[in-house]
Novice: 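Could you have a look at this structure, given as structure tokens, before my questions?
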Amino acid sequence: MDPTLVIELVLLAMRMAAILAGPVLLTVLVVGIVLGAIQSATQINEPSMVFVPKMLVVMVVIALTGPLTLGLFVDYIREMIGRIPVIAG
């Protein structure tokens, strides 16, 4: 197998992982920063105050971006399955 092909496949996999995880991770990051600032300002250090809103936001983001990311992932898998003869040959 050609090393450039391996690098290309790894880069495509990393790009797909970033596309799939990016919206959820960025949203959790923003919510965590906002809630951390609120906790610092009010001096309330309750773990459930951070956990519950993060879980709710994650569910909303997955519900909103789920169909798009699923379509992208299916296209990626189809492309990888289509490349099997090239990789094996």
Novice: Verify the cluster assignment for Val60 and Leu35: are they in a single hydrophobic cluster under the rule of side-chain heavy atoms below 4.5 Å apart?
Specialist: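 Shared cluster, no.
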Novice: Out of Ile62, Val58, Val61, which one pairs with Pro23 under the side-chain contact (heavy atoms from CB on, under 4.5 Å) rule?
Specialist: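 In the set Ile62, Val58, Val61, the residue that makes a side-chain contact (heavy atoms from CB on, under 4.5 Å) with Pro23 is Val61.
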Novice: Find the distance between CD1 (Ile33) and CD1 (Ile38) and round it off to the nearest 0.5 Å.
Specialist: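 Here the interatomic distance stands at 12.5 Å.
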Novice: Table please: side-chain donor-acceptor pairs of residues 80-89 below 3.5 Å, with sequence neighbours left out.
Specialist:
unit_1, atom_1, unit_2, atom_2, d
Arg83, NH1, Glu8, OE2, 3.2
Arg83, NH2, Glu8, OE2, 3.0
Arg83, NH2, Glu79, OE2, 3.2

Novice: Go through Ile77 and Phe73 one step at a time and tell me if the side chain to side chain contact (heavy atoms under 4.5 Å, CB included) criterion holds.
Specialist: CA-CA 6 Å; Ile77 292 298; Phe73 187 64; 3.8 Å; yes
Novice: Hey, what do you get for CG (Leu11) to CD1 (Ile7), rounding to the nearest 0.5 Å?
Specialist: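 Rounded to the nearest 0.5 Å, the CG-CD1 separation comes to 7.5 Å.
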Novice: Would you name the heavy atoms of Leu64 and Pro67 that are closest together and state the gap between them?
Specialist: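 Scanning both residues, the minimum pair turns out to be O-CD, 4.0 Å.
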Novice: Could you please spell out the steps behind the side chain to side chain contact (heavy atoms under 4.5 Å, CB included) verdict for Val52 and Met55?
Specialist: CA-CA 5 Å; Val52 173; Met55 289 307 297; 5.9 Å; no
Novice: Should side-chain heavy atoms under 4.5 Å link Ile, Leu, Val, Met, Phe, Trp and Tyr, which residues sit in the same cluster as Val74?
Specialist: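 ILVMFWY cluster around Val74 also holds Leu70.
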Novice: Is it true that Leu56 and Val28 fall in one hydrophobic cluster, defined by side-chain heavy atoms closer than 4.5 Å?
Specialist: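 No.
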Novice: Establish whether Leu9 and Met16 are linked, either directly or via other cluster members, by ILVMFWY side-chain heavy-atom contacts under 4.5 Å.
Specialist: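 Shared cluster, yes.
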Novice: Hey, quick one: are Met14 and Val6 part of the same hydrophobic cluster, counting side-chain heavy atoms closer than 4.5 Å, chains of contacts allowed?
Specialist: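 Cluster IDs for Met14 and Val6 match.
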Novice: Show your reasoning for whether side chain to side chain contact (heavy atoms under 4.5 Å, CB included) applies to Ile19 and Leu72.
Specialist: CA-CA 9 Å; Ile19 289 171; Leu72 290 172; 3.7 Å; yes
Novice: Which heavy atom of Gly66 sits nearest to which heavy atom of Thr69, and what is that distance?
Specialist: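 Looks like O-OG1, 3.1 Å.
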Novice: Mind checking the NZ-CG spacing from Lys54 to Leu29? Nearest 0.5 Å is all I need.
Specialist: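 It is 8.5 Å, given to the nearest 0.5 Å.
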Novice: Rounded to the nearest 0.5 Å, what separation is found between the CG atom of Leu68 and the CG atom of Leu20?
Specialist: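 It comes to 9.5 Å.
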